[in-house]
There are 2 protein chains.
Amino acid sequence: MEKKRNAFETNISAIKTMIEKDGFVPGDRIPSERELAERLSISRPSVREALRTLAYLGIIETRHGGGSFLLNRDDHTYIQIIAQFLVTGDSKFEDLAGTLRLLEQAAFVQLADVSILEEHVDSDAAFRETLIATIDNDLFERIWRQVNAFYQSFGQGELYTRAEREAFLKRS
Amino acid sequence: MEKKRNAFETNISAIKTMIEKDGFVPGDRIPSERELAERLSISRPSVREALRTLAYLGIIETRHGGGSFLLNRDDHTYIQIIAQFLVTGDSKFEDLAGTLRLLEQAAFVQLADVSILEEHVDSDAAFRETLIATIDNDLFERIWRQVNAFYQSFGQGELYTRAEREAFLKRS
DNA sequence: CGGCGGTCATTGGTCAGACCAATTACGCCT
DNA sequence: AGGCGTAATTGGTCTGACCAATGACCGCCG
């Protein structure tokens, strides 16, 4: 009898199973919290704890007064969660700057046409922002943005000097 | 004043911030639910909804009667959890592989001596692991490790073919 | 004096019920 | 038939209570 597993995960599974079994498709409204509680024979707070987690993961969306709705699977929530927990408070400042340089260097290597950077050589922020945008990789951009936001929170100024930015262009 | 953010995510952030601010390290016991509720001026059910989500993601662990404890980052299971719900997220899978290639390319550009990679050319995993280790940047390595864990959870095989790994070495 | 066992405070787990806020559905009036 | 206001539905939050598991404290006994 090792079924004594956490009731919480059991509840999440139960709700997930019920959603699948009833054949809900993305966009559908799932039963209300009160109805779920009754059908699963658990209290509404327990239902809510499970639903909140599902909502946080982007599985469902809740609308105050409207109900809970199944979301499409390819919403980006999971990427946000990853990015949010990747960069945490104990990241060292030197690592932040170093990581930013690495990320941007990676982007630069992939860059075919350097000319689009030339007009932004005056602005550190615009230069780097443009550089990252050329990659066209959502996850990569989110990670960079998260790291950069952390870097900015340290109140530091430009990551590169103007000379360094010009060096970028010459290395094409 | 667009502070109208969801209270739930605000609560998760608040708890996460408090944990970081108070300098808790993995293994530490965090304040009790009742104390958190009081310090954050929210009710215990709201605290619980946030804590359950953190527990489900593997950020913390709760022991009935004992308290809640911070887990090691390596124990964070949210990667697997999220993947469990997103098995069909093909479009974003390309982002994962692309991000990994970008990170490793950045590491390679910084690499002075390629010879240490030669002995690992037979193993995709060892090759990439060694490559990242040369960077000596904690944050960068952590980001790579998490993205790689997510990539692995999709059950994919090697990121590079053997020919691609050998091409790395030649480009020195 | 020291080890042991029991008691009790602390903490998480769960529930019932209440009230508010936002949305939606319905029916009435025009 | 259409528009509008009211009521029902539904999520959001809180209070309070009780149970269950853990752990610390303290007294008892060897």
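Bear in mind the structure is a predicted one, so any value in this text is a computation, not a measurement. Every chain is numbered from 1, with letters handed out A, B, ... down the list of sequences.
Between the P atom of dG12(D) and the OH atom of Y56(A) lies a distance of 16 Å, rounded to the nearest Å. Protein atom CG of L36(B) is 16 Å distant from nucleotide atom C1' of dG13(C), rounded to whole Å. Put simply, CD on E35(B) is 10 Å from P on dG12(C), counting in whole angstrom units. Distance CZ (R48(B)) to C1' (dC19(D)): 13 Å, rounded to an integer number of Å. Rounded to an integer number of Å, the gap from CD of E49(A) to P of dG11(D) is 16 Å. Rounded to an integer number of Å, the gap from E33(B) CD to dT14(C) P is 10 Å. Note: CZ (F69(B)) to C1' (dT10(C)) measures 12 Å, nearest angstrom. Distance CD1 (I30(B)) to P (dT11(C)): 12 Å, rounded to an integer number of Å.
A heavy-atom distance below 4.5 Å is found between the side chains of V147(A) and I143(B). L117(B) is listed as a side-chain neighbour of F108(B), based on a closest heavy-atom distance under 4.5 Å. No side-chain heavy atom of D136(B) sits under 4.5 Å from any side-chain heavy atom of E141(B). Taking the side chain as every heavy atom from C-beta outward, E119(B) and T130(B) never approach each other to under 4.5 Å. Here the side chains of R34(A) and R39(A) are not in contact, with every heavy-atom distance at 4.5 Å or above.
Classification of E129(A) and R145(A) as a salt-bridged pair holds, one side-chain N sitting under 4.0 Å from a carboxylate O.
A close approach under 4.0 Å does not occur between any side-chain nitrogen or oxygen of R34(B) and OP1 or OP2 of dT10(C). Dashed line: the shortest gap from a side-chain N or O of S46(A) to OP1 or OP2 of dC15(C) is under 4.0 Å. The side chain of T62(B) contributes no N or O atom lying less than 4.0 Å from OP1 or OP2 of dT11(C).
Take the nearest nucleotide of DNA chain C for G67(B) and for S41(A): the residue whose nucleotide is more 5' is G67(B). Along DNA chain D, the nucleotide nearest to G65(A) and the one nearest to P45(A) differ in position, and the one closer to the 5' end is contacted by G65(A).
Within the 4.0 angstrom heavy-atom criterion, only backbone atoms of the sugar-phosphate kind lie near R63(B); the bases stay farther away.
Taking a 6.0 Å sphere around CD of E38(A), one finds it holds 12 or fewer heavy atoms contributed by other residues, nucleotides or ligands.
At a cut-off of 3.5 angstrom, counting only N and O atoms as typed in the model, there is a donor on one side and an acceptor on the other between the side-chain of R44(B) and the base of dT14(C).
Distance from the side chain of H64(A) is smallest for dA21(C) among the nucleotides dT15(D), dA21(C), dG13(C). Distances from the side chain of R29(A) to the nucleotides dT15(D), dT14(C), dT10(D) place dT10(D) closest. Closest to the side chain of S32(A), from the set dC14(D), dG11(D), dT11(C), is dG11(D).
At its two ends the helix from dC1(C)-dG30(D) to dT30(C)-dA1(D) runs along axes set 10° apart, each axis drawn from five pairs and the angle rounded to 10°.
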Open item on the list: Run R162(A) and R165(A) through side-chain contact (heavy atoms from CB on, under 4.5 Å) and show every step you take.
Closed with: CA-CA 5 Å; R162(A) 188 193 168 94; R165(A) 290 196 294 276; 3.8 Å; yes

